[in-house]
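The next block holds one structure in the form of structure tokens; read it before the comments.
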Amino acid sequence: MRELTYTGRNTVQWREAPDPGLQSDQEAIVAPVAATSCDVDSMILAGHGFIDPPFALGHECVARVVETGDAVSTVAPGDLVVVPWSINCGTCDNCRAGLTAHCTAVPHMAMYGAPIGGSWGGLFSDLVRVPWADAMLVPLPAGLDPVAMASASDNWSLSWRLVAPHLKNKPGARVLVVARGSIGLYVCDIARALGASDVLYVDPDPEHRKLARSYGAATAETVEPVRHGFDIAVEATGRVDQLALAVKSLAPEGVCESAGNHFRPGELPLLDMYLTGVTLRIARDNVRNHIPDALDLARSGTVDPARVVSHVLDWEQLPDALPEKHLKPVFVRADG
């Protein structure tokens, strides 16, 4: 089989690898049918990562189950499934507490798409081994398009978590989204669907702003801090100055969610945050815990994640097309 391998700045190539085999009766082998790049992949391709190449890339996909171990009971060969980006067992104390990105059965940071916590391969591969298939794999509900939901492994479900729980606690909240890629656009869609009273999307890219407006958000290329202007802020830029803008714009006891990936240091207005009363969360997402809720919202018909998909491309185009600057390209297997 082949796996798409990151070999250097803006360079990927197919490399032959041994076919993965089941190593226990709890595992599954899956074949990605619709895979996409996430915002972190874009940073890695641009040379902003912290791991030396080569390594297999990709951690967002809908896949078809090819083979299962005898103990697997929740999925079967032929099923379409969402494959979470992080590796988790489902039974350790952290997994039972919903902290699936911090599973203690595997090395810290175990994930697809980067060999930080061991080598697990990438989801831009012809075949992928999934340990603990019952714990990890989430069946794709009937009626949902694998292309539209290719990002449910990470960015779509992360975007749900960034805003949905806070809107439940504060209905009609005002939401600020400071972003550069797909996460912020998904947040605009979800926030509108869940009853945010105002959504302001800030991004220098005019095409991104146009898409945000189609979701009902107001938009701006740049803004100065809006004192006490928003109840919820979501920052997804990887830039500390933009995170500072977000927290400076919060109302008293407001919440800021940051999608993180700040590879460079910076300063936050800590005294201002203290005086306002700010809750700031910067974290890798425990995505497996809320993929089902995010899929339920997608199935409701009140959101339209397919609009964020910028290009639908053939699987064989991955080496040439992935390094190109696309918002959210989805690569589809012809035999999927």
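Atom set for the values below is all heavy atoms of this structure, side chains included, hydrogens, waters and symmetry mates excluded.
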Quiz item: Heavy-atom distance under 4.5 Å between the side chains of L176 and I232, does that happen here?
Solution: no

d(D189 CG, D304 CG) to nearest 0.5 Å is 6.5 Å

Problem - same_hphob_cluster(V62, V147) at 4.5 Å side-chain heavy-atom cutoff - result: no

inquiry  = Please check this pair: side chain of D272 against backbone of P269, looking for a donor-acceptor N/O pair closer than 3.5 Å.
reply    = no

Heavy-atom closest pair (Q23 atom, R129 atom, distance to 0.1 Å) is NE2-NE, 3.4 Å

- Between Q317 and H311, do the side chains contain an N or O donor and an N or O acceptor separated by less than 3.5 Å? no

task = Test D154 against H59 for side chain to side chain contact (heavy atoms under 4.5 Å, CB included), laying out the working first.
result = CA-CA 8 Å; D154 186 6; H59 68 261; 3.0 Å; yes

The reported gap from CG in L280 to CG in L243 (rounded to nearest 0.5 angstrom) is 5.5 Å

task = Find out whether N88 and W132 are in side-chain contact, i.e. whether some heavy atom of one side chain is under 4.5 Å from a heavy atom of the other.
result = no

R192 (side chain) donor-acceptor with T302 (main chain) under 3.5 angstrom: yes

| Can you list the steps and then say if Y186 with W156 is a ring pair (Phe, Tyr, Trp, His ring centres under 6.0 Å)? | CA-CA 6 Å; Y186 287 140; W156 166 257; 5.4 Å; yes

Task: Polar side-chain atom of E235 near backbone of G238 as donor-acceptor pair, under 3.5 Å - done: yes

Derivation of the salt bridge (Lys or Arg N to Asp or Glu O under 4.0 Å) call for R174 and D198: CA-CA 5 Å; R174 300 161 296 169; D198 291 296; over 6 Å; no

- Item | Heavy-atom check, side chain of E207 versus side chain of L327, under 4.5 Å | no

Rounded to the nearest 0.5 angstrom, the CD-CG distance for Q26 and D70 is 11.5 Å

| Does V312 reach the side chain of V332, with side-chain heavy atoms less than 4.5 Å apart? | yes

Review point. Any side-chain heavy atom of M149 within less than 4.5 Å of one from L140?
Key: yes

Using modelled atom types and a 3.5 Å cut-off, is there a donor and acceptor pairing between side-chain atoms of E224 and backbone atoms of V226?
no

* Counting distance only, does the side-chain N/O of D203 pair as donor-acceptor with the main-chain N or O of D205 below 3.5 Å? -> yes

### Task
Would you tell me whether H102 and N94 have side-chain atoms, one donor and one acceptor, within less than 3.5 Å of each other?
no

inquiry  = Determine whether a donor-acceptor pair (N or O, by modelled atom type, separation under 3.5 Å) exists between the side chain of N286 and the backbone of N289.
reply    = no

Q) Would you find more than 12 non-hydrogen atoms of other residues, nucleotides or ligands less than 6.0 Å from R213 atom CZ? A) yes

Is the closest side-chain heavy-atom distance between V240 and E267 below 4.5 Å? no

- Query: Are V175 and Y201 connected in the hydrophobic side-chain network, where two residues link if heavy atoms are under 4.5 Å apart?
  - Reply: yes

Got a salt bridge between R2 and E16, using NZ or NE/NH1/NH2 to carboxylate O under 4.0 Å? no

- Task: Could you check D25 against V72 for side chain to side chain contact (heavy atoms under 4.5 Å, CB included), going step by step and ending with a plain yes or no?
- Result: CA-CA 7 Å; D25 61 2; V72 176; over 6 Å; no

Which of L271, L270, L275 passes side chain to side chain contact (heavy atoms under 4.5 Å, CB included) with M273? It is L270

(Q) Between L297 and V308, is there shared hydrophobic-cluster membership here, with clusters defined by ILVMFWY side-chain heavy atoms closer than 4.5 Å? (A) yes

Separation between OG1 (T36) and CG (L123), nearest 0.5 Å, reads 11.0 Å

Closest non-hydrogen contact found for T11 with Y6 is O-CD1, 3.6 Å

* Asked: Going by heavy atoms in the side chains, are V287 and L158 under 4.5 Å from each other?
  -> no

Distance col, row S37:OG vs F331:CZ, nearest 0.5 angstrom, shows 6.5 Å

All heavy atoms of A114 vs all of I51, minimum pair found to be CB-CD1, 3.6 Å

Review point. Can you hop from L313 to F124 via hydrophobic side chains spaced under 4.5 Å?
Key: yes

Residues K328, E60; criterion salt bridge (Lys or Arg N to Asp or Glu O under 4.0 Å); working and verdict: CA-CA 11 Å; K328 198 71 175 178; E60 291 192 346; 2.9 Å; yes

When rounded to the nearest 0.5 Å, the distance separating CD1 of I183 from SG of C38 is 7.0 Å

Heavy-atom closest pair (P77 atom, E67 atom, distance to 0.1 Å) is CG-CA, 4.3 Å

Item to check | Criterion salt bridge (Lys or Arg N to Asp or Glu O under 4.0 Å) on E257 and R161, from CA distance to verdict | outcome: CA-CA 9 Å; E257 290 275 7; R161 198 272 300 162; 2.6 Å; yes

Open item on the list: Please evaluate residues E3 and D126 with respect to the criterion side chain to side chain contact (heavy atoms under 4.5 Å, CB included), reporting the C-alpha separation (whole Å), side-chain torsions for both, the decisive distance (0.1 Å), and the verdict.
Closed with: CA-CA 6 Å; E3 58 183 19; D126 291 336; over 6 Å; no

Answer with yes or no whether the side chains of H290 and D285 bring together a donor and an acceptor at under 3.5 Å. yes

For this session: For the residue pair L295 and V82, establish whether any side-chain heavy-atom pair is separated by less than 4.5 Å.
Result: yes

Hydrophobic clustering (ILVMFWY, side-chain heavy atoms < 4.5 Å, transitive) - are L200 and V178 grouped together? yes

In short, P32 meets W315 closest at the heavy-atom pair CB-CH2, 3.8 Å

Query raised in the report: So, the side chain of R288 versus the backbone of P84: is there a donor-acceptor pair under 3.5 Å, distance only?
Result: no

Flag, side chain of R307 to backbone of S214, donor-acceptor distance under 3.5 Å: yes

Does any donor atom in the side chain of T7 or T5 lie under 3.5 Å from an acceptor atom in the other side chain? no

Nearest heavy-atom contact between P107 and W120 is CD-CZ2, 4.4 Å

### Query
Please walk me through it: do V199 and V177 pass side chain to side chain contact (heavy atoms under 4.5 Å, CB included)?
CA-CA 7 Å; V199 180; V177 184; 4.2 Å; yes

Under a side-chain separation threshold of 4.5 Å, the hydrophobic residues clustered together with M1 are L22, I29, V66, L127

Donor-acceptor contact below 3.5 Å, side chain S249 vs main chain L245
yes

Quiz item: Is a donor on one side and an acceptor on the other found under 3.5 Å between the side chain of S125 and the backbone of G122?
Solution: yes

